[in-house]
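Positions are given from 1, in the same order as the sequence printed here. Each ligand, and each atom within it, is numbered from 1 in the order the structure gives. What you are looking at is a predicted structure, and each value in this text was computed from that prediction instead of being measured.
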Amino acid sequence: MVASTAGEVAMSSEEKVYNVVLKQAALVKKQPRISRDLDVNPDIVLPGTLSLLSEAYDRCGEVCAEYAKTFYLGTLLMTPERRRAIWAIYVWCRRTDELVDGPNASHITPTALDRWESRLEDLFQGRPFDMLDAALSDTVTRFPVDIQPFRDMIEGMRMDLKKSRYKNFDELYLYCYYVAGTVGLMSVPVMGIAHDSQATTESVYNAALALGIANQLTNILRDVGEDARRGRVYLPQDELAQAGLSDDDIFAGKVTNKWRNFMKNQIKRARMFFDEAEKGVAELSDASRWPVWASLLLYRQILDEIEANDYNNFTKRAYVSKAKKIAALPISYAKSLIRSSRMYPSKA
Ligand SMILES: CC(C)=CCC/C(C)=C/CC/C(C)=C/CC/C(C)=C/[C@@H]1[C@@H](COP(=O)(O)OP(=O)(O)O)[C@]1(C)CC/C=C(\C)CC/C=C(\C)CCC=C(C)C
Ligand SMILES: Nc1ncnc2c1ncn2[C@@H]1O[C@H](COP(=O)(O)OP(=O)(O)OP(=O)(O)O)[C@@H](O)[C@H]1O
Ligand SMILES: [Mn+2]
């Protein structure tokens, strides 16, 4: 905590977000999981001509496969019920992101985000607006998923509309929580914690949050040039200044030693969040560990690729080759067999 000049005690973003983590962990412990047959969910009013929920989920799967093939393949390793739920969450996140990042982004106003949020409230109450919302509406009755991280992701999009600079890491951390840490908090109740895990629920949520933050920091470091061309700098201004750099250096896009040193520190920080996340993966339920390890290893390799590009993230896009993606699969499978804090072997 930081005391301001006015005397009141200000909370850091990390502390604020940790309070959300504690709340999510407490909710998941309380809420019992309801299991029903697919397509028989009396709590949902299906929109339009939609007669079967399975059609809605299939459509979510198609959207997911179209936007993120690698990730879609990962979800195929999960149980069918969990896989469908993750698709529904993925599609909602992707649609939310498209509002500010997609082809119609220039027309998006805070009012449009307010409307998206009231649609979110409706779908959590069993009144989905369209087919894709209907799948998520069903998911949130089957798994103890809370609305807060979804609201927070919309808040992140609001932030993105009005803010294009971040004073320090504390401000950037909050943005990363809103747009990506939230994904971790949404996913854990679906992926499930292993029945014999000795870890606390909070620590697993904390690791999930860390993976979201790590992914977003990596995404930012990969896209520095692309974002600068849209007038945006998602880097801590105070750290840029300490490194002797300014926005103008970023717009000029020249790889200098100052830039390399700055990038080394940013990469180091992103890796620390990946390390934090690693501690939680072993606690997830059996079928969820493999896809999460795969996504962690693949996303983390983008950092290695930025190094391999000699820190030119202005004009070169760092990406992981198909061969490396394939190589990550057996490695992540082997890692998913390791179950750190558990005392007994799995029954599954
Ligand atoms: C198995 C798994 C990875 C599950 C998560 C699936 C899920 C619901 C993903 C939604 C992702 C999404 C569309 C988010 C919207 C905002 C956004 C675009 C965030 C960026 C993702 C990267 O996407 P991409 O490379 O396509 O970016 P471009 O738009 O092309 O620029 C983010 C960087 C954030 C993604 C964050 C996660 C996937 C969180 C992962 C955390 C977990 C799955 C928790 C794991 C649990 C433990 C205990 C570690
Ligand atoms: N091996 C590659 N070759 C060329 N472009 C790539 C490669 N990998 C990723 N990209 C580009 O970067 C974008 C984002 O990559 P990301 O790492 O998020 O993979 P993704 O969304 O899971 O997509 P996919 O798995 O279908 O490649 C891709 O949509 C693509 O435009
Ligand atoms: Mn992508």
Before accepting this row, confirm whether a basic side-chain N of the pair Asp223/Arg317 lies closer than 4.0 Å to the acidic partner's carboxylate O. yes
Assess whether a salt bridge exists between Lys16 and Glu155, defined as any Lys/Arg side-chain N lying under 4.0 Å from an Asp/Glu carboxylate O. no
What are the atoms of ligand 1, with element, lying closer than 4.0 Å to any heavy atom of [X]?
{"X": "Val179", "answer": "16 (C), 19 (C)"}
{"X": "Ser295", "answer": "3 (C)"}
{"X": "Val204", "answer": "48 (C)"}
{"X": "Val292", "answer": "45 (C)"}
{"X": "Ile89", "answer": "8 (C)"}
{"X": "Met191", "answer": "43 (C), 44 (C), 45 (C)"}
{"X": "Gly280", "answer": "48 (C)"}
{"X": "Gln216", "answer": "19 (C), 20 (C), 32 (C), 33 (C)"}

Among Tyr72, Phe71, Tyr67, exactly one meets ring pair (Phe, Tyr, Trp, His ring centres under 6.0 Å) together with Tyr90. Which residue is that? Phe71
Where's the contact between Leu211 and ligand 1, heavy-atom distance under 4.0 Å: side chain, backbone, both or neither? side chain
Heavy atom under 4.0 Å from ligand 1: found in Ser187's side chain, backbone, both, or neither? side chain
I'd like to check the side-chain contact (heavy atoms from CB on, under 4.5 Å) partners of Asp247; sequence neighbours left out, ordered by chain and number. Arg165, Val233, Gln237, Leu240, Phe251
Which residue pairs pass the salt bridge (Lys or Arg N to Asp or Glu O under 4.0 Å) test when at least one of the two sits in residues 99-109, sequence neighbours left out? Asp101-Arg230
So is [X] touching ligand 1 or not, going by heavy atoms under 4.0 Å?
{"X": "Phe71", "answer": "yes"}
{"X": "Gly74", "answer": "no"}
{"X": "Arg222", "answer": "yes"}

Would you kindly say whether Asn206 and Glu202 are connected by a side-chain donor-acceptor distance under 3.5 Å? no
Side chains of Ser13 and Tyr175 only: does a donor on one sit below 3.5 Å from an acceptor on the other? no
Which is it for Tyr57 and Thr139 under the side-chain contact (heavy atoms from CB on, under 4.5 Å) test, yes or no, and what are the steps along the way? CA-CA 10 Å; Tyr57 277 115; Thr139 288; 2.8 Å; yes
Any N or O of [X] that comes nearer than 3.5 Å to an N or O of ligand 1?
{"X": "Arg94", "result": "yes"}
{"X": "Tyr299", "result": "yes"}
{"X": "Asn219", "result": "yes"}

Proximity winner for atom 47 (C) of ligand 1, if only heavy atoms of Ala85, Cys176, Pro291, Ala208 are counted: Ala208
Closest by any non-hydrogen atom to atom 35 (C) of ligand 1: pick that one out of Asn215, Leu284, Asp223. Asn215
Nearest 0.5 Å please: distance from the CZ atom of Phe143 over to the CD atom of Glu81. 4.0 Å
Between Arg94 and Glu66, does a side-chain contact (heavy atoms from CB on, under 4.5 Å) hold up when you go through it step by step? CA-CA 11 Å; Arg94 178 50 68 196; Glu66 198 180 309; over 6 Å; no
Stepwise salt bridge (charged side-chain N to carboxylate O under 4.0 Å, His left out) test for Glu305 and Arg222: CA-CA 9 Å; Glu305 299 301 331; Arg222 181 190 69 185; over 6 Å; no
